[in-house]
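Presented below is the structure to which this report refers.
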Amino acid sequence: MGNLQLDSLDKKILEMLSLNARMPYLEIARECNVSGAAIHQRIQKMYSMGIIKGSESLIDPHSVGYETCAYIGFFLNDTSKFDEIVSKLNEIPEVVECHLTTGKYDLLIKLFAKNNNHLLKIIQSKIQTLGLARTETLISFQEVFRRQIPINNENDN
């Protein structure tokens with residue numbers, strides 16, 4: 001669905017929503033000098049086109065007791081088991097992202113654990129039982145920054 005045609009108003013709406021997904025439509029309308037109905041219609045169009053996939057409340061993992069963030073790269077024994085492994089990973093609530101990758105790993109996941117002991121239990125009781133060739137685990141000490149993709153990029157062609 002790549003490269004859908006967005007005009008400057010669409011891009012401005014996306015930029016504003018990326019900064020604050022809870023921004024009221026009327027506030028966006030005032031900033032964009034259009035009616036609230038026009039903003040509502042544009043946003044609904046972008047939802048139906050799949051440009052906007054939803055909105056989310058970001059929860060600070062540390063504030064709810066998850067102190068360890070880890071990335072685990074998977075080497076699969078049998079790539080025909082990919083869908084089965086992904087399905088089982090989806091059942092592990094601590095796994096928050098799963099990516100099919102090129103390069104060193106077949107899969108890369110991101111997970112949060114309460115501490116290193118909890119991480120070890122997840123690896124031993126849930127991940128090592130998946131029948132993988134091997135894994136590599138990286139622990140993140142701190143998320144330095146996180147951001148949305150740029151919407152109004154001057155370098156767009």
Side-chain angles (χ1 to χ4, degrees), residues 1-74 76 79 82-116 118-119 122-123 126-127 130 135 137-157:
M1 191 174 294
N3 239 355
L4 297 172
Q5 292 299 317
L6 300 174
D7 65 18
S8 61
L9 178 57
D10 290 329
K11 289 180 180 182
K12 184 161 185 154
I13 293 166
L14 288 173
E15 185 175 31
M16 293 174 76
L17 288 175
S18 74
L19 296 172
N20 179 3
R22 295 177 57 167
M23 183 175 281
Y25 288 1
L26 287 178
E27 190 175 329
I28 296 171
R30 273 192 296 277
E31 183 75 24
C32 295
N33 294 318
V34 297
S35 71
I39 295 300
H40 183 269
Q41 184 179 35
R42 295 278 186 131
I43 291 173
Q44 292 308 313
K45 177 187 81 173
M46 288 188 277
Y47 270 110
S48 68
M49 294 173 71
I51 294 168
I52 300 175
K53 302 267 187 194
S55 61
E56 61 185 6
S57 296
L58 297 177
I59 299 166
D60 175 26
H62 293 278
S63 68
V64 292
Y66 288 85
E67 296 179 5
T68 300
C69 173
Y71 295 86
I72 303 177
F74 290 22
L76 303 182
T79 55
F82 174 82
D83 290 336
E84 178 185 331
I85 290 169
V86 169
S87 178
K88 289 178 181 176
L89 286 169
N90 197 35
E91 295 173 9
I92 303 171
E94 294 87 354
V95 175
V96 297
E97 293 181 21
C98 179
H99 301 269
L100 172 63
T101 63
T102 63
K104 188 173 185 178
Y105 308 117
D106 296 310
L107 279 171
L108 181 71
I109 67 167
K110 178 180 181 180
L111 66 84
F112 286 97
K114 294 183 184 280
N115 52 42
N116 288 348
H118 184 217
L119 174 61
I122 293 168
I123 291 171
K126 297 178 181 180
I127 292 175
L130 297 175
T135 62
T137 302
L138 302 166
I139 293 178
S140 170
F141 291 127
Q142 179 183 25
E143 182 178 278
V144 179
F145 70 85
R146 167 191 255 189
R147 63 177 157 215
Q148 291 284 345
I149 59 168
I151 304 301
N152 281 320
N153 191 345
E154 303 85 42
N155 298 327
D156 285 346
N157 292 327

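This structure is a prediction, so every number in the text was calculated from the model and none was measured.
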Got a second to check how far [X]'s [atom1] is from [Y]'s [atom2], nearest 0.5 Å?
{"X": "Lys11", "Y": "Ile151", "atom1": "NZ", "atom2": "CD1", "answer": "9.0 Å"}
{"X": "Leu107", "Y": "Leu100", "atom1": "CG", "atom2": "CG", "answer": "6.5 Å"}
{"X": "Ile122", "Y": "Thr137", "atom1": "CD1", "atom2": "OG1", "answer": "11.0 Å"}
{"X": "Ile39", "Y": "Ile13", "atom1": "CD1", "atom2": "CD1", "answer": "3.5 Å"}
{"X": "Ile51", "Y": "Leu6", "atom1": "CD1", "atom2": "CG", "answer": "4.5 Å"}

Between [X] and [Y], which heavy-atom pair has the shortest distance, and what is it?
{"X": "Gly36", "Y": "Leu26", "answer": "CA-CD2, 3.8 Å"}
{"X": "Cys32", "Y": "Met16", "answer": "SG-SD, 4.0 Å"}
{"X": "Phe82", "Y": "Leu76", "answer": "CD1-CD1, 4.2 Å"}
{"X": "Tyr105", "Y": "Gly73", "answer": "CD2-CA, 3.4 Å"}
{"X": "Ala21", "Y": "Ser55", "answer": "CB-CB, 3.7 Å"}
{"X": "Tyr47", "Y": "Lys53", "answer": "CE2-C, 4.3 Å"}

- Task: Might you work through the side chain to side chain contact (heavy atoms under 4.5 Å, CB included) test for Leu130 and Leu89, ending with a clear yes or no?
- Result: CA-CA 9 Å; Leu130 297 175; Leu89 286 169; 3.7 Å; yes
task = Scan for salt bridge (charged side-chain N to carboxylate O under 4.0 Å, His left out) pairs involving residues 94-104, sequence neighbours excluded, and state none if there are none.
result =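 As it turns out, the salt bridge (charged side-chain N to carboxylate O under 4.0 Å, His left out) pairs with a partner in residues 94-104, which skip direct neighbours, are Glu94-Lys126, Lys104-Glu136.
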Sorted by chain and number, sequence neighbours left out, salt bridge (charged side-chain N to carboxylate O under 4.0 Å, His left out) with Asp10 holds for Arg42, Lys45
- Query: By ring-ring contact (aromatic ring centres under 6.0 Å, His included), which residues pair with His118, not counting sequence neighbours?
  - Reply: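 His118 satisfies ring-ring contact (aromatic ring centres under 6.0 Å, His included) with no residue once adjacent residues are dropped.
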The ring-ring contact (aromatic ring centres under 6.0 Å, His included) partners of Tyr66 (sequence neighbours excluded) come to none
query = More than 12 foreign heavy atoms under 6.0 Å from CD of Glu31: is that the case here?
reply =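 12 or below, so no.
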Between Ile123 and Ile72, is the side chain to side chain contact (heavy atoms under 4.5 Å, CB included) condition met? List the steps.
CA-CA 9 Å; Ile123 291 171; Ile72 303 177; 4.0 Å; yes
Original post:
Given Ile139 and Leu119, is the side chain to side chain contact (heavy atoms under 4.5 Å, CB included) satisfied, shown in steps?
Top reply: CA-CA 10 Å; Ile139 293 178; Leu119 174 61; 3.9 Å; yes
- Task: Determine, stepwise, if the pair Leu17 / Ile28 fulfils side chain to side chain contact (heavy atoms under 4.5 Å, CB included).
- Result: CA-CA 9 Å; Leu17 288 175; Ile28 296 171; 3.7 Å; yes
- [ ] Using the test side-chain hydrogen bond (donor to acceptor under 3.5 Å, both in side chains), find all partners of Glu15 that sit at least two apart in sequence or belong to another chain.
- [x]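 Applying side-chain hydrogen bond (donor to acceptor under 3.5 Å, both in side chains) to Glu15 gives Asn152.
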Hits for side-chain contact (heavy atoms from CB on, under 4.5 Å) against Glu91, two or more places apart or cross-chain, chain-then-number order -> Ser87
